[in-house]
Amino acid sequence: MLEEIYIENLAVIEKVCVSFTDNLNVFTGETGAGKSILINGINSLLGQRVTKDLVRTGAKKAVISGCFSALNSQCLEKLDELGIEPDDGKLYFTREIRSDGGSSARINSRPVNISAMREIGELLVTIHGQHDNQILLSPEKHIDILDSYADAENMVEQYRALFHQLQALSRKISARKKEMQGRQQRLEQLSLIIEELEKLDAKPDEDEKIDEELSVIKNAVFLSQAAYESMVILRGDEDSGGADEIVANAMKKLEASTDIMKDLAVLYDRLSSVQIEIEDIAGDLSSLIDKLDADPKRFEQLNVRSKELENAKMKYGPTLDDVIKTLKSAREEYSELDGGEESISQMISQQAELLKQVSLEAAKLSKFRGEAAERFENQVAKELEFLNMPKVKIVVKITQGKLTQNGMDSVEFLISANVGEEPKPIAKIASGGELSRIMLALKSVIADKDSVDTLIFDEIDTGVSGRAAQKIGMKLKSISKYRQVLCVTHLSQMAVMADNHLLIEKRVEGNRTLTEITSLDFEQRKREIARIIGGSSITELMLKNAEELLKEAQSL
């Protein structure tokens with residue numbers, strides 16, 4: 001429950017602290033006194049959107065704080081999920097709204113984002129205002145009310161999980177079918193690519209090796225001549241000896257002296273090594289000359305192959321490695337597309353089986369709703385009778401149609417305002433006052449299904465008066481036995497039912513307007529009830545009448 005709220009510098013409220021009881025708390029006051037500001041303050045505390053316009057003129061920021069106690073299990077689970085510890089079983093919310101447009105939120109002095117405050121706030125407080133009547137005028141919202149009454153949330157959740165699987169699979173099938181429209185054309189393209197590149201049979205780095213060999217062949221004459229002349233210098237020819245002969249002659253000159261002088265023996269050995277190296281080099285040069293004997297056919301083959309590889313690189317490159325990768329990816333894509341029809345066939349079979357499951361779940365849900373609808377109609381009828389609408393009957397019209405995320409059902413609440421009249425859509429026959437009472441009847445019926453412990457009703461008495469207003473007050477009193485109720489009203493019939501009557505007053509001090517909120521004692525309540533009944537001119541008769549109304553309400 002909401003124990004207390006503190007508001008500072010919010011619109012016309014300079015500073016106010018309000019304590020609440022755990023039953024029926026009623027706010028009254030003249031039009032424009034600031035009742036809507038109080039509701040705005042509570043809304044901001046619950047993480048709803050706020051604007052800098054709410055900050056009191058001249059103030060740097062507005063501050064709203066609230067204390068919640070007796071936290072329900074869902075709230076405790078959410079707090080545990082968010083890592084927030086209650087403070088001695090209580091939660092202290094604080095919201096600051098700065099004049100520059102910024103805002104901040106804290107729970108138990110810990111900074112939190114606004115969305116976290118909103119998530120927790122929704123588990124603590126529900127605010128019902130005049131706009132809630134629009135739910136009755138929007139048939140698409142009626143199914144949610146019936147499901148809430150029927151405790152169908154788990155069934156709906158299970159159904160939606162299957163339905164969303166069906167949707168996802170259907171989208172996948174549609175996408176695959178679209179892809180398969182150009183399947184044959186793509187397979188033909190891939191087949192040509194594979195045939196072309198398999199025939200090419202390119203090897204890694206083949207182009208570089210061919211370029212290197214071609215370069216050698218193109219320069220074979222020059223290279224052969226250089227190698228031949230070098231070999232002649234080393235070996236000699238018919239006309240002259242070569243370097244090997246010169247070295248041999250030098251060795252002969254030294255051979256007889258090697259036994260006499262050790263140093264000459266060393267030099268002889270070195271010349272012997274040179275002679276061997278010269279023979280080896282000359283032999284290698286001879287082999288190279290044979291290799292450099294250019295083959296015109298080989299040259300032509302290499303040129304043709306080089307052009308084939310270059311054409312492939314221009315088409316699938318820029319590198320030969322890209323060409324090889326293109327062949328691999330084309331084979332993989334061909335293999336995948338070639339089995340596409342089988343894949344779609346499997347998915348369609350899965351879709352049919354899933355559709356069967358979804359349809360069965362939808363049928364179960366529809367039957368469950370139909371059974372709940374009968375109980376719902378009877379309970380709402382009793383509530384409407386209590387709220388001074390004995391002739392009004394509500395009918396839950398359930399129509400089966402195509403599968404949606406809500407199942408196969410469309411739900412609309414119809415009402416018959418008079419005995420013998422055919423039920424019609426609420427929007428066509430209900431007045432504003434009737435809408436308020438019908439909405440309260442629905443809230444009463446589903447109240448015990450809701451774990452939220454604090455209900456706020458903002459001017460739910462719009463369009464009603466007299467006995468109907470008294471019945472609304474009595475119903476709120478009844479709800480307050482197991483829920484904390486805060487109610488803003490203009491009617492004395494509802495105000496007298498309060499366990500805690502709070503007066504919202506506006507006064508001018510200096511050049512500033514101030515709003516104050518006061519908890520009234522019995523005598524003060526008499527004057528306020530008299531004001532509501534008769535206006536500003538309060539007579540003794542009005543006070544006496546107010547006293548009787550208060551005492552009568554206390555006896556209920």
Side-chain angles (χ1 to χ4, degrees), residues 192-331:
L192 291 173
I193 292 171
I194 292 169
E195 182 181 0
E196 177 186 355
L197 295 182
E198 283 182 344
K199 184 178 179 182
L200 180 68
D201 192 24
K203 302 294 189 296
D205 302 325
E206 183 183 357
D207 56 341
E208 294 180 3
K209 293 175 181 177
I210 288 176
D211 288 344
E212 183 179 342
E213 189 174 349
L214 278 172
S215 178
V216 171
I217 292 175
K218 289 175 183 176
N219 293 283
V221 175
F222 169 74
L223 296 173
S224 295
Q225 184 177 354
Y228 177 77
E229 290 177 355
S230 177
M231 185 185 69
V232 167
I233 291 172
L234 294 177
R235 285 183 172 177
D237 57 15
E238 295 177 355
D239 298 326
S240 61
D244 59 344
E245 186 178 334
I246 294 172
V247 172
N249 290 334
M251 290 174 66
K252 287 180 181 179
K253 296 293 183 181
L254 295 176
E255 186 175 5
S257 306
T258 54
D259 293 335
I260 302 170
M261 189 176 181
K262 189 176 181 180
D263 289 344
L264 289 176
V266 172
L267 292 174
Y268 180 87
D269 291 339
R270 289 174 65 188
L271 283 171
S272 178
S273 297
V274 169
Q275 186 182 38
I276 294 170
E277 184 68 15
I278 288 173
E279 284 299 325
D280 285 344
I281 293 173
D284 289 343
L285 286 170
S286 178
S287 298
L288 190 59
I289 290 169
D290 293 339
K291 185 178 179 182
L292 288 170
D293 184 17
D295 182 353
K297 289 184 179 179
R298 176 62 177 168
F299 182 73
E300 181 61 26
Q301 289 173 352
L302 291 174
N303 268 321
V304 170
R305 183 60 173 171
S306 179
K307 287 178 181 177
E308 289 176 348
L309 296 177
E310 285 301 318
N311 289 337
K313 287 193 288 184
M314 288 178 64
K315 195 171 181 180
Y316 303 109
T319 68
L320 190 61
D321 188 47
D322 293 326
V323 175
I324 295 170
K325 287 179 180 177
T326 298
L327 175 59
K328 181 182 178 183
S329 63
R331 284 170 172 164

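Heavy-atom minimum distance, Asp201 versus Arg305: O-NH2, 3.3 Å. Taking both residues in full, the closest heavy atoms of Asp207 and Lys313 are given as OD2-NZ, 3.0 Å, listed atom of the first, atom of the second, then distance. Counting all heavy atoms, side chain and backbone alike, Ile210 lies closest to Leu309 at CD1-CD1, 3.9 Å. Closest approach of Tyr268 to Met251, counting heavy atoms only: CE1-O, 3.2 Å. Residue Leu285 comes nearest to Ser230 through the heavy atom pair CD1-OG, 3.4 Å, listed as atom of the first residue, atom of the second, then distance. Pairing each heavy atom of Ala250 with each of Leu271, the nearest pair is CB-CD1, 4.0 Å.
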Report the C-alpha distance between Glu300 and Val304 in whole Å, list the side-chain angles of each, state the deciding distance to 0.1 Å, and finish with yes or no for side-chain contact (heavy atoms from CB on, under 4.5 Å).
-> CA-CA 6 Å; Glu300 181 61 26; Val304 170; 3.7 Å; yes
Apply the test side-chain contact (heavy atoms from CB on, under 4.5 Å) to residues Glu245 and Arg235: give CA-CA distance (whole Å), side-chain angles for both, the deciding distance (0.1 Å), then the verdict.
-> CA-CA 7 Å; Glu245 186 178 334; Arg235 285 183 172 177; over 6 Å; no
Between Leu234 and Asp244, is a side-chain contact (heavy atoms from CB on, under 4.5 Å) present by the stated rule, with each step listed?
-> CA-CA 6 Å; Leu234 294 177; Asp244 59 344; over 6 Å; no
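Atom CG in Leu264 sits 11.0 Å away from atom CG in Asp269 (nearest 0.5 Å). Remark: Leu200 CG to Ile324 CD1 distance equals 9.0 Å, nearest 0.5 Å. Atom CD in Glu255 sits 10.0 Å away from atom OG in Ser257 (nearest 0.5 Å). Atom CG of Leu214 is separated from atom CG of Leu302 by 4.5 Å, given to the nearest 0.5 angstrom. Interatomic distance, CD of Glu208 versus CD of Glu213, reported as 14.0 Å (0.5 Å rounding). Atoms CG and CD, on Asp237 and Glu229 in that order, are 11.0 Å from each other to the nearest 0.5 Å.
In this structure, Ser329 contributes its side chain and Lys325 its backbone to a donor-acceptor pair below 3.5 Å. A donor-acceptor contact shorter than 3.5 Å links the side chain of Glu206 to the backbone of Lys203.
For Thr319 and Asp322, the side-chain atoms include at least one donor-acceptor pair closer than 3.5 Å.
Looking only at side-chain heavy atoms (C-beta outward), Asn249 and Lys253 stay at 4.5 Å or farther from each other. In this structure, the side chains of Ile194 and Leu327 come closer than 4.5 Å at one or more pairs of heavy atoms. Residues Asp205 and Leu320 form no side-chain contact, since every pair of their non-hydrogen atoms from C-beta on lies 4.5 Å or further apart.
Counted within 6.0 Å of CD on Glu198, heavy atoms from surrounding residues, nucleotides or ligands total more than 12; the atom is thus considered enclosed.
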